[in-house]
Amino acid sequence: MAEEQAGILFVGDLVGGIGRRTLLECLPLLRERFAPTFVVVNGENVAGGLGITPKAADQLFAAGVDAITLGNHTYRRREIYAYLDSEPRILRPANFLRSQPGHGACMVESAAGVRLGVVNLSGNLHLRAGRSAFTEVEAALGEVAGADQIIVDMHAEATSEKVAMGWHLDGRVTAVVGTHTHVPTADARVLPQGTAYITDVGMTGPRGGVIGVKREQAIESLVTQMPVRFETSSEDPWLMGVLIRCSASAPRRADSIEQILMPRPT
Ligand SMILES: [Fe+2]
Ligand SMILES: [Fe+2]
């Protein structure tokens, strides 16, 4: 199966209904342009900006999303807990505690029989994750050992942790992509041993806010230092992602990584 040149479209944190709709409207265009074998999205902010619900996850799967990764907002919605245990294609960081609902790795298969392993990790700096991403990634990779391709979503605040994870896994996985900051970085490249890497993919949501939040509310909170109720902005929605072309000659390696920054079609 590895001979077929697969493509993986990875889309950064969907923020709110506007993020979900932006993905759904961009996806047909992206399928036409890139014909990705797999579509993986980070959905940790899709339910009103915080967390994900079974309904939202079902909607993404119905649109042809192959796997959903999450992050620090995984458990904001109590109704997702049982779903995280029962649905194999939705992941929470593998280095959360074993006692927490859900799992951190899965394998999905394309119609042509290409197997993609997906691993979700959380950084340990400024985020609550019970175990080290750098030690727990080994067990997570073991769970997808038979995969033709592997993509790792390293959901982390600190650029240093993400850069380090890219180097740590270079030559062992197809791609390491960073999420969480909602701001895309300009460092997409294939590392020397063949792993595609980007520090942050960015978000799929409103650029007119402050990482997704209405900007006047975010600014008020910063100016007054008082609690402010945050709502998702609807201004200037964009899809942010990457397209990874897998190597046709070697398993679990990439030929290229291309950044996608695309306004919602009007
Ligand atoms: Fe996050
Ligand atoms: Fe996020």
Side-chain angles (χ1 to χ4, degrees), residues 9-23 26 39-53 56-57 59-60 65 67-77 80 84 90-97 100-102 104 118-133 136-137 151-163 165 176-185 198-215 217-218 221 230-242 259-261:
L9 173 66
F10 183 92
V11 178
D13 305 26
L14 306 178
V15 179
I18 188 90
R20 193 173 65 239
R21 288 190 293 278
T22 301
L23 171 77
C26 291
V39 178
V40 180
V41 306
N42 184 298
E44 72 147 6
N45 304 107
V46 78
L50 294 172
I52 187 166
T53 59
Q59 204 178 357
L60 296 175
V65 167
I68 301 171
T69 55
L70 298 169
N72 52 304
H73 295 302
T74 296
Y75 301 120
R76 290 288 184 140
R77 309 282 171 160
I80 200 68
L84 292 174
I90 188 166
L91 304 178
R92 50 76 161 166
N95 57 315
F96 280 2
L97 297 178
Q100 290 177 282
V118 187
V119 171
N120 194 187
L121 296 170
S122 168
N124 295 98
L125 288 169
H126 308 304
L127 287 179
R128 180 184 264 188
R131 299 179 295 155
S132 161
E136 298 312 316
V137 68
I151 185 167
V152 176
D153 174 0
M154 175 69 173
H155 192 83
E157 182 78 40
T159 51
S160 56
E161 279 188 311
K162 293 189 264 195
V163 171
M165 187 59 77
V176 175
V177 294
T179 56
H180 175 69
T181 71
H182 294 193
V183 178
T185 54
I198 187 168
T199 297
D200 209 296
V201 168
M203 70 172 175
T204 293
R207 288 199 323 178
V210 175
I211 64 170
V213 171
K214 283 185 179 171
R215 62 176 179 265
Q217 295 173 344
S221 155
F230 285 167
E231 294 161 315
T232 303
S233 166
S234 57
E235 210 175 307
D236 193 20
W238 280 51
L239 179 142
M240 302 180 187
V242 286
Q259 193 161 34
I260 301 166
L261 301 172

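Every heavy atom of this structure was used, including side-chain atoms; hydrogens, water molecules and symmetry mates were not. One-based numbering, in listed order, for ligands and for the atoms of each.
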ask   = Do Asn72 and His155 have a side chain donor and acceptor closer than 3.5 Å?
value = yes
inquiry  = Under a 3.5 Å cutoff, is there a donor and acceptor pairing between the side chains of Arg20 and Gln59?
reply    = yes
Please enumerate all residues that pass side-chain hydrogen bond (donor to acceptor under 3.5 Å, both in side chains) together with [X], with sequence neighbours excluded.
X: Thr199; answer: Asp187, Tyr197
X: Arg21; answer: none
X: Thr53; answer: none

ask   = Counting only N and O atoms by type, is there a donor-acceptor contact under 3.5 Å from the side chain of Asn124 to the main-chain atoms of Ala133?
value = yes
key: Protein N/O/S count near the Fe ion (ligand 2) (criterion: distance under 2.8 Å)   = 4
